[in-house]
Visitor: 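Pasting in a structure now, in structure tokens, and then I'll have a few things to ask.
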Amino acid sequence: MKNFLFIKNSDLLLQKVSEYWEVMKQWFINTPERSLAQAYEAAQKIRNIEIEHFNCQIIAATSVNETPNVMSYWQSILTQNLTIIKLRLAEFQSSRSLLEISNPVLLIKLQFIDEVIDKYQQQTVIISNINKQSISQPKPIRIDSEIYQNTSNLINPSSNQSIGFLPSSIGRTINRITTDFSPQAEADFIRNYHISQNRTRTSIRFLILLMVIPLLTRQLSKEFLVSPIVERVRSQQITPVFINSEMEEEAFKELKIFEEKLKFQTLLKKAPILSSEEIERNIKEKAIEIAQEFRWKSKDAISNVFADLISLVAFAVVVVNGKKEIAAIKSFIDEIIFGLSDSAKAFVIILFTDIFVGFHSPHGWEVILEGLAEHLGVAANESLIFLFIATFPVILDTVVKYWIFRYLSRLSPSALATYKEINE
């Protein structure tokens, strides 16, 4: 019995070992394609950043006019992707040489990767030569200046972008002037203009689609699909005239006003004297008219719920199928926002905060929530409305203040200073 159990356990162990061996073997065989796919994906990320944010030029401060913190962000992404490409290409070369795999399809990806990293390799060689020259030159020992420089570098890492004795801004200006006088300056300007024009056109077209398609979908679905179905369902069974208490109170109030108006005109002899039966008949006709009106309002509110859901689905479909257009819109909006002056940025922030989280914002939120409740046919609950007003604007105000403290101070310190001066 013991021998049987030992043989059975040995067979299971050998089976497990063979399964692990097959998995490792398959993983090793797929290593070249997997490594090249990861390197190709990193190269595509670099190319997309060049197209969307640097006008199809290299990711460098000389390509666009951005703040040092923004350039530091893009440089970190560039370094990360170049490191991934370097490691994955080394893994691809070593595994491919061992396995002796030849696949002509891989040449296209390799050619694309070489086109992306070639210009950055040239830039790295130039920078390394400059660094070697600067290292070979003797430096005077100045303790106080070095401590001050190291401290300023910790506070503002972008100060290391200067080369030699000239600041980086002067270097970028000289490079821009040199680029303007180059033979390809006109062709580059026309190409960048076409890229910007196509991006703007794509963004505006997609924004119009985002507004028009959901609105048309809602209107058409409500008119030809939802409303006929709701009308048929409500006509086949006995349904209440009012779907909430507010509609009922409004109808009673309107009927009471009509009755008092009729009696008032009769007493002033501005209308023929009516008997009690005639007054009752007029009130009954008015009640039937009010009931038909509010029955239509109830049907319209129910139809709004389903039509709005269909329009939200249409909006989601447009968003899912327009990832490239959304990236173009993001780049377009970033260009508009960063193109504003500091006073304009501060004005937009103050206008947004005063409307949604300012002193008079609760009245606006109350009107919006009551209108939304009436649109959906729901009774407006004052307690829920006041609870929403007491919490959501406060949360929104905290988020805005955190964004100002966390990001605006780095992206545009002068805009933050202008914002504080205007608020004060």
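Please read these numbers as outputs of a predicted model, since none were measured by experiment. We're numbering straight along the sequence, starting at 1. Just so you know, these numbers use all the heavy atoms, side chains as well, and skip hydrogens, waters and symmetry mates.
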Visitor: Closest heavy-atom contact between Ser245 and Ala379?
Guide: OG-CB, 4.4 Å

Visitor: At what distance, to the nearest 0.5 angstrom, does CZ of Phe332 lie from CD1 of Ile337?
Guide: 10.5 Å

Visitor: Do Asp308 and His375 meet the criterion of a side-chain donor-acceptor pair at a distance under 3.5 Å?
Guide: yes

Visitor: Rounded to the nearest 0.5 Å, how far apart are CD1 of Ile326 and CD1 of Ile333?
Guide: 10.5 Å

Visitor: Go through it in stages, so that I can follow the logic: the residues are Phe264 and Glu260, the test is side-chain contact (heavy atoms from CB on, under 4.5 Å), and I'd like the CA-CA distance, side-chain angles, deciding distance and then a yes or no.
Guide: CA-CA 6 Å; Phe264 182 76; Glu260 293 177 351; over 6 Å; no

Visitor: Go through Asn282 and Glu259 one step at a time and tell me if the side-chain contact (heavy atoms from CB on, under 4.5 Å) criterion holds.
Guide: CA-CA 9 Å; Asn282 289 335; Glu259 182 180 358; over 6 Å; no

Visitor: Does the side-chain contact (heavy atoms from CB on, under 4.5 Å) test come out yes or no for Val305 and Val226, once each step is laid out?
Guide: CA-CA 10 Å; Val305 176; Val226 179; over 6 Å; no

Visitor: Under the side-chain contact (heavy atoms from CB on, under 4.5 Å) rule, what do Ser311 and Lys222 come out as? Steps first, then yes or no, please.
Guide: CA-CA 10 Å; Ser311 66; Lys222 179 182 176 182; over 6 Å; no

Visitor: For Ile59, is there any backbone N or O sitting under 3.5 Å from a side-chain donor or acceptor partner on Gln75?
Guide: yes

Visitor: Would a 4.5 Å heavy-atom cut-off, applied to side chains only, mark Thr353 and Lys401 as touching?
Guide: no

Visitor: Measure from the side-chain N and O atoms of Ser203 to the backbone N and O of Ala328, and report whether any donor-acceptor pair falls under 3.5 Å.
Guide: yes

Visitor: Does atom CZ of Phe112 have more than 12 heavy-atom neighbours, drawn from other residues, nucleotides or ligands, at distances under 6.0 Å?
Guide: yes

Visitor: Nearest 0.5 angstrom please: Leu220 CG to Leu225 CG, how far?
Guide: 10.5 Å

Visitor: Take atom CZ of Phe54 as the centre, draw a 6.0 Å sphere, and report whether it contains more than 12 heavy atoms from other residues, nucleotides or ligands.
Guide: yes

Visitor: Test salt bridge (charged side-chain N to carboxylate O under 4.0 Å, His left out) on Lys297 and Glu293; report intermediate values, then the result.
Guide: CA-CA 6 Å; Lys297 285 185 177 181; Glu293 178 184 353; 3.8 Å; yes

Visitor: Enter the distance from Ile46:CD1 to Gln44:CD here, rounded to the nearest 0.5 Å.
Guide: 11.0 Å

Visitor: Without swapping roles, check the side chain of Glu246 against the backbone of Ala380 for a donor-acceptor pair under 3.5 Å.
Guide: yes

Visitor: State, to 0.1 Å, how close Ile243 and Met247 come at their nearest heavy-atom pair, and which atoms those are.
Guide: CG1-SD, 4.0 Å

Visitor: Does the Ser227 side chain pair with the main chain of Glu223, one donor and one acceptor, at a distance under 3.5 Å?
Guide: no

Visitor: Give a yes or no on this: more than 12 heavy atoms of other residues, nucleotides or ligands lie within 6.0 Å of atom CD of Glu374.
Guide: no

Visitor: Could you tell me if the side chain of Tyr402 sits less than 4.5 Å from the side chain of Thr398, heavy atoms only?
Guide: no

Visitor: With the side chain counted from C-beta on, respond yes when Val319 and Leu210 share a heavy-atom pair under 4.5 Å apart, and no when they do not.
Guide: yes

Visitor: Given 3.5 Å as the limit, does a donor-acceptor pair link the side chain of Trp74 with the main chain of Ala60, or not?
Guide: no

Visitor: Considering all heavy atoms of both residues, which atom of Phe206 and which atom of Ile329 are nearest to each other, and what is their separation?
Guide: CD2-CD1, 3.1 Å

Visitor: For Glu382, is the CD atom crowded, meaning more than 12 foreign heavy atoms sit under 6.0 Å from it?
Guide: no

Visitor: Can you sort out the partners of Phe294 under ring-ring contact (aromatic ring centres under 6.0 Å, His included), two or more places apart, ordered by chain and number?
Guide: Phe242

Visitor: Ignoring hydrogens, what is the shortest heavy-atom contact between Ile85 and Ala42? Give both atom names and the distance.
Guide: CG1-CB, 3.6 Å

Visitor: When you compare the side chain of Thr418 with that of Lys345, does any pair of heavy atoms fall below 4.5 Å?
Guide: no

Visitor: Working to the nearest 0.5 Å, report the span between CD1 of Ile288 and CD of Gln292.
Guide: 7.5 Å

Visitor: Are the side chain of Tyr419 and the backbone N or O of Ser414 linked by a donor-acceptor pair below 3.5 Å?
Guide: no

Visitor: Just wondering, do Glu366 and Glu370 contact through their side chains at under 4.5 Å, heavy atoms?
Guide: yes

Visitor: Does the Asp397 side chain pair with the main chain of Pro393, one donor and one acceptor, at a distance under 3.5 Å?
Guide: no

Visitor: Do you know the tightest heavy-atom contact between Leu369 and Phe388?
Guide: CD1-CD2, 3.5 Å

Visitor: Looking only at non-hydrogen atoms, find the nearest pair between Ala314 and Thr217 and report the distance.
Guide: CB-OG1, 3.7 Å

Visitor: Checking the side chain of Asn304 only, and the main-chain atoms of Gly377 only, is there a donor and an acceptor separated by less than 3.5 Å?
Guide: no

Visitor: Taking Asn321 for the side chain and Val317 for the main chain, is one N or O donor matched with an acceptor at less than 3.5 Å?
Guide: yes

Visitor: Is any side-chain heavy atom of Leu110 closer than 4.5 Å to one of Leu36?
Guide: yes

